[in-house]
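Treat the numbers as computed from the prediction; the structure is a model and nothing was measured.
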Amino acid sequence: AHTLLFFGTVTGTLRGEGWLDRMRIAVDWDFADANVPGNPVTTLVGSGVVGFGEPAGLYFENFSVRDSDIDLGTVNRLAPAVVVPGRLAAVGTLDGPMRNVTFRGTARHRDGDRPMSEIEGTVRLDTRATELGVALNVALNPLVFDGIRRGYPSLPTRGSVNGRLQMEGRLSRMQVDADLTGELGDVTASGVVTMMPPRWGAENLVVSFARLDLAALRGAGPTTSLFGDMMVTGSVDTLRAPEGSLQLSLRESRLREWTIDTLFTRVAVADSVITVDTAYTEWKGARAGGSGTLGWARAHTGTMAFSV
């Protein structure tokens, strides 16, 4: 039926009993996906209750996945927002309809010979609408940026992160709570974000950080060790100038060999003009401050005033 969402060849064994709308089965299957170039094979070993019906199509009820080797090209066909290539090995349970399914367990991702990433916890993917819905509460053990780089080629961050990540919503408005640590430093974040490249955004996003290394975060530039807090609301898009506001506060921090005792700034961006409401910094007994406006692009200008 068209609600099965799959087209290809299945080999292996199936044992089951019940009616089509609710069957208890045990499978050991290899599925060659004819809708993905190269007909990649996904392997699944598991048992539990499945059913078929309108309008949900295929659904799972406490279906135990004992072993799997999943081609992410097949996952991308079902959920186009999943852009990371490679393969996924998952062990856990599935519940709910295929287009709004919840997985509880452990999943390991590998893309060829690149480093492996692992998550453990609960993930729900809602693909019923054109925009992906997500609800997750997972531990990253770890997430390695080089391992997912092919899916996000514009992501420059180096190293890996461990910690807890919670997300709920759709890509245009996602509540995020994170507590992460890695080469980039220690970061906690809470707020609403937009993740629809090339459009990115935030709403009342509060970020606290320690040992923050901008070289690891940006993949280039001088090393830093920053301690402080940031609040940001706004959006950025490659097709237009950013809009929004940012408040940044630093405690004793280091930028290459320069030690900063204190830094505070409050900035807003609108109509391609950056307004610096307040900015001051202290280091080694000296102090500097400033305020004014700056043009974001060449056609826009502003005036800044500084005091030392």
Side-chain angles (χ1 to χ4, degrees), residues 1-14 25 27-46 50 52 55-60 63 65-92 94 96-103 105-119 123-134 136 138 140 143-157 160 167 170-172 174 195-200 219 238:
H2 67 280
T3 53
L4 290 180
L5 307 175
F6 299 104
F7 183 75
T9 303
V10 174
T11 57
T13 61
L14 165 66
I25 66 170
V27 299
D28 185 344
W29 277 354
D30 293 334
F31 167 66
D33 194 341
N35 284 329
V36 176
N39 295 353
V41 176
T42 286
T43 298
L44 175 66
V45 180
V50 300
F52 304 89
L58 173 65
Y59 78 89
F60 303 92
F63 188 90
V65 179
R66 297 194 301 275
D67 189 24
S68 66
D69 183 12
I70 302 165
D71 179 77
L72 288 176
T74 293
V75 176
N76 172 261
R77 185 173 58 80
L78 301 174
V82 180
V83 296
V84 178
R87 303 192 68 84
L88 196 69
V91 176
L94 293 170
M98 185 71 184
R99 287 196 174 276
N100 190 23
V101 69
T102 297
F103 171 78
T106 301
R108 297 181 177 90
H109 168 262
R110 188 182 293 278
D111 181 14
D113 59 357
R114 295 169 178 83
M116 182 183 72
S117 295
E118 178 182 305
I119 65 170
V123 179
R124 178 173 63 85
L125 296 181
D126 183 353
T127 62
R128 293 171 295 178
T130 55
E131 185 183 338
L132 179 68
V134 174
L136 63 83
V138 298
L140 309 179
L143 172 67
V144 184
F145 295 108
D146 280 347
I148 63 171
R149 190 84 63 196
R150 284 208 303 149
Y152 301 96
S154 62
L155 178 67
T157 306
S160 63
M167 300 171 62
R170 296 197 175 273
L171 295 181
S172 60
M174 186 78 67
M195 301 180 292
M196 302 186 71
R199 180 164 61 94
W200 302 88
T238 57

Note: Gly151 and Val83 closest approach over all heavy atoms is O-CG2, 3.4 Å
Are any of the side-chain heavy atoms of Asn39 and Val41 separated by less than 4.5 Å?
no
How long is the span from the OG1 atom in Thr74 to the CG atom in Asp33, to the nearest 0.5 Å?
3.5 Å
Do Asp126 and Arg99 have side chains that approach each other closer than 4.5 Å (heavy atoms only, starting at C-beta)?
no
Using salt bridge (charged side-chain N to carboxylate O under 4.0 Å, His left out), reason through Arg170 and Glu131 one step at a time and then give a plain yes or no.
CA-CA 7 Å; Arg170 296 197 175 273; Glu131 185 183 338; 5.8 Å; no
Does Arg87 have any side-chain contact (heavy atoms from CB on, under 4.5 Å) partners at least two apart in sequence or in another chain, and if so, which?
Asp69, Asp71
Less than 4.5 Å apart, side chain to side chain, heavy atoms only: is that true for Trp29 and Leu14?
yes
Between the CD1 atom in Ile148 and the CG atom in Leu143, the distance rounded to the nearest 0.5 Å is 4.5 Å
Between Ser68 and Ala90, is there a donor-acceptor pair closer than 3.5 Å when you use the side chain of the first and the backbone of the second?
yes
Minimum side-chain heavy-atom gap Val50-Phe63 below 4.5 Å:
yes
With sequence neighbours excluded, what pairs up with Pro156 under the side-chain contact (heavy atoms from CB on, under 4.5 Å) test?
none
Judged by atom type as modelled, is there a donor-acceptor pair below 3.5 Å linking the side chain of Asp28 to the main-chain atoms of Thr13?
no
Can you tell me if His109 uses its side chain to pair, donor with acceptor, with the backbone of Pro85 under 3.5 Å?
yes
Euclidean distance, Phe31 CZ relative to Thr9 OG1, rounded to 0.5 Å:
8.0 Å
State, yes or no, whether a side-chain contact exists between Arg77 and Val36 at a heavy-atom distance under 4.5 Å.
yes
Any side-chain heavy atom of Val84 sitting closer than 4.5 Å to one from Asp111?
no
Is there side-chain contact between Leu78 and Val75, with heavy atoms separated by less than 4.5 Å?
no
Which residue in the set Thr102, Val101, Val65 passes side chain to side chain contact (heavy atoms under 4.5 Å, CB included) when paired with Phe60?
Val101
In Å and rounded to the nearest 0.5 Å, what is the CG to OG1 distance from Asp30 to Thr43?
4.0 Å
Hits for side chain to side chain donor-acceptor pair (under 3.5 Å) against Asp146, two or more places apart or cross-chain, chain-then-number order -> Arg149
Residues Val91 and Phe103: closest non-hydrogen pair is O-CZ, 3.5 Å
Taking the side chain as everything from C-beta on, heavy atoms only, tell me whether Trp200 gets closer than 4.5 Å to Met195.
yes
Over all heavy atoms of both residues, which pair between Leu132 and Thr127 is shortest? Give the atoms and the distance, please.
CD1-CG2, 3.8 Å
